[in-house]
Amino acid sequence: MSRIVYVNGDYLPEQEAKVSIFDRGFLMADAVYEVTAVLGGKLTDFDGHAARLERSLGELGMKMPMTRDELLDIHRELVSRNDLVDGGIYLQITRGAPNDRDFAFPPADTPQTVVLFTQSKPGLANSPAAKKGIKVISIDDLRWGRRDIKTVQLLYPSMGKMMALAAGADDAWMVEDGKVTEGTSNNAYIVKDGKIITRELSHDILHGITRAAVLRYAKEAQMTVEERAFTVEEAQAADEAFITSASAFVMPVVEIDGAAIGDGTPGRVASRLREIYLEESIKAAI
Ligand code: PMP
């Protein structure tokens with residue numbers, strides 16, 4: 001079935017949607033993106049994603065091409081036109097398509113390119129992976145220094161995912177100066193003696209919208225949270241590990257570089273946080 005996608009004001013069948021070869025998103029990765037999960041036909045944490053989008057654009061000297069309400073309307077229209085129940089909405093905004101390729105930014109009034117499309121993932125919240133947990137490998141973090149900006153420079157994360165698959169694992173945790181930064185497309189956590197440990201916010205990692213929600217719920221449930229970097233060795237010796245992202249929610253990690261974490265099955269804290277996160281997100285979805 002062909003999707004209806006959004007491109008620069010138009011809703012079109014995906015085959016008819018086109019952007020210029022001079023688009024700076026295509027030529028320079030000069031673009032930001034967001035992914036918002038849809039559960040039961042509703043958007044989860046839309047405001048969080050919209051706020052991060054505004055921040056990412058601002059950090060790159062780009063403007064928000066529409067109001068937050070207009071953006072919400074487009075998201076809802078795509079859910080409706082595609083009968084989307086569970087899955088996500090991908091959004092990308094580029095600095096637009098000037099007449100030629102040039103390192104200098106085009107004039108500020110160059111129209112930005114705005115693209116949104118849906119991804120259907122029926123039963124997303126009941127993923128079998130969550131019951132088994134996932135395996136990760138560690139790799140060097142070779143990305144640029146502003147990972148807090150959600151740009152479409154996803155080549156290295158994509159290569160990291162391929163390295164993980166080639167090693168028989170599911171994902172990779174990236175390591176810089178001996179400490180884990182984050183997963184290829186998720187934030188990374190360990191649990192030791194009941195304490196949830198995750199790297200503090202900085203330019204080194206993406207400020208996950210799911211991370212913010214999960215840490216809030218953890219604190220509300222009287223769990224202890226410590227925001228600091230940890231090593232792979234510490235993770236291998238931890239009681240539990242997990243990742244968070246808008247599309248994986250809270251996903252237990254049961255192995256790092258071949259070493260089982262805890263008893264090698266999803267931990268109690270990760271499983272409880274997943275339950276709380278899904279319950280609360282579904283309740284608050286719009
Ligand atoms: N870190 C990276 C590098 C990511 O790509 C993502 C997902 N986009 C995350 C963390 C998780 O962010 P969120 O919870 O907002 O999906």
Side-chain angles (χ1 to χ4, degrees), residues 29 31-39 43-57 59 75 86-93 116-117 119 121 124-125 127 130 134 136 138-164 170-176 179-190 196 198-218 225 227 229-230 241-253 270 273-274 276-278 280-281 284-285:
V32 301
Y33 78 108
E34 276 299 330
V35 180
T36 303
V38 173
L39 288 174
L43 302 159
T44 62
D45 225 333
F46 175 80
D47 275 329
H49 290 283
R52 185 172 62 191
L53 173 66
E54 288 161 8
R55 179 179 179 278
S56 293
L57 289 166
E59 291 296 303
H75 277 74
D86 293 332
I89 300 196
Y90 178 95
L91 162 150
Q92 181 163 325
I93 299 176
L116 287 93
F117 58 81
Q119 288 189 317
K121 292 179 185 160
L124 180 62
S127 132
I134 62 163
V136 302
S138 63
I139 61 172
D140 283 345
D141 195 335
L142 302 181
R143 298 173 301 162
W144 81 323
R146 288 302 306 274
R147 302 153 192 159
D148 57 311
I149 308 173
K150 198 164 168 63
T151 76
V152 302
Q153 299 175 72
L154 295 172
L155 178 56
Y156 189 69
S158 171
M159 290 170 73
K161 184 84 179 176
M162 293 311 293
M163 289 182 238
D170 303 290
D171 199 10
W173 279 10
M174 294 177 281
V175 176
E176 187 171 61
K179 303 273 172 66
V180 173
T181 51
E182 57 189 331
T184 59
S185 60
N186 44 68
N187 291 113
Y189 306 72
I190 56 173
I196 300 163
T198 194
R199 196 178 177 104
E200 71 281 5
L201 296 181
S202 70
H203 289 175
D204 298 339
I205 60 168
L206 186 74
H207 301 186
I209 301 305
T210 320
R211 177 189 184 280
V214 164
L215 293 189
R216 194 172 67 242
Y217 298 142
V225 173
E227 292 184 63
F230 56 84
F242 62 94
I243 55 163
T244 64
S245 77
S247 44
F249 313 120
V250 178
M251 180 65 69
V253 172
L273 282 174
R274 182 178 173 89
I276 301 175
Y277 177 78
L278 283 170
E280 295 296 327
S281 316

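Numbering of ligands and ligand atoms starts at 1, following listing order. In what follows, residues are counted from 1 in the order of the sequence shown.
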For this session: Report yes if the side chains of Met159 and Leu155 come closer than 4.5 Å at any heavy-atom pair, otherwise no.
Result: yes
Seminar exercise, completed: atom 7 (C) of ligand 1 has as its nearest protein heavy atom Ser185 O, 3.3 Å
Exercise. So is Arg52 in contact with ligand 1, going by heavy-atom distances below 4.0 Å?
Worked result: yes
For this session: May I ask you to test the Phe249-Leu39 pair for a side-chain heavy-atom distance under 4.5 Å?
Result: yes
Problem set entry | Main-chain N/O of Ala37 paired with Thr44 side-chain donor or acceptor, under 3.5 Å | yes
Exercise. Where's the contact between Tyr33 and ligand 1, heavy-atom distance under 4.0 Å: side chain, backbone, both or neither?
Worked result: side chain
For this session: Decide side-chain contact (heavy atoms from CB on, under 4.5 Å) for Glu176 and Asp204; before the verdict, give the C-alpha distance in whole Å, the side-chain angles of both, and the deciding distance to 0.1 Å.
Result: CA-CA 9 Å; Glu176 187 171 61; Asp204 298 339; 4.3 Å; yes
Problem set entry | Residue-ligand contact Thr184/ligand 1, heavy atom below 4.0 Å | yes
Seminar exercise, completed: Per side-chain contact (heavy atoms from CB on, under 4.5 Å), Ile243 is matched among Thr184, Val253, Thr198 by Val253
For this session: Please could you name the atoms of ligand 1 that Ser245 approaches to less than 4.0 Å, counting only its heavy atoms?
Result: 11 (C), 14 (O), 16 (O)
Exercise. Using heavy atoms and a threshold below 4.0 Å, how should the contact between Arg147 and ligand 1 be classified: side chain, backbone, both, or neither?
Worked result: neither
Problem set entry | Structural part of Arg143 in contact with ligand 1, heavy atom criterion under 4.0 angstrom | side chain
Exercise. Does Lys150 come within less than 4.0 Å of Glu34, counting only side-chain N to carboxylate O?
Worked result: no
For this session: Using a 4.0 Å heavy-atom cut-off, say whether Val35 meets ligand 1 through its side chain, its backbone, both or neither.
Result: neither
Problem set entry | ligand 1 N/O within reach of Asn187 N/O, cut-off under 3.5 Å | no
Exercise. Is ligand 1 less than 4.0 angstrom away from at least one heavy atom of Glu34?
Worked result: no
For this session: Considering heavy atoms of the protein only, find what lies nearest to atom 12 (O) of ligand 1 and give residue, atom and distance to 0.1 Å.
Result: Gly208 CA, 3.5 Å
Exercise. With only distance considered, is Arg211 within less than 3.5 Å of ligand 1 through an N or O on each side?
Worked result: no
Problem set entry | Note: Arg211-Glu182 ion pair, threshold 4.0 Å (strictly below) | no
Exercise. What part of Ile209, side chain, backbone, both or neither, has a heavy atom within less than 4.0 angstrom of ligand 1?
Worked result: both
Problem set entry | Side-chain touch Asn187/Thr210, heavy atoms, less than 4.5 angstrom | no
For this session: Look at the side chain of Lys161 and the backbone N and O of Asp170, then say whether any donor-acceptor pair between them is shorter than 3.5 Å.
Result: yes
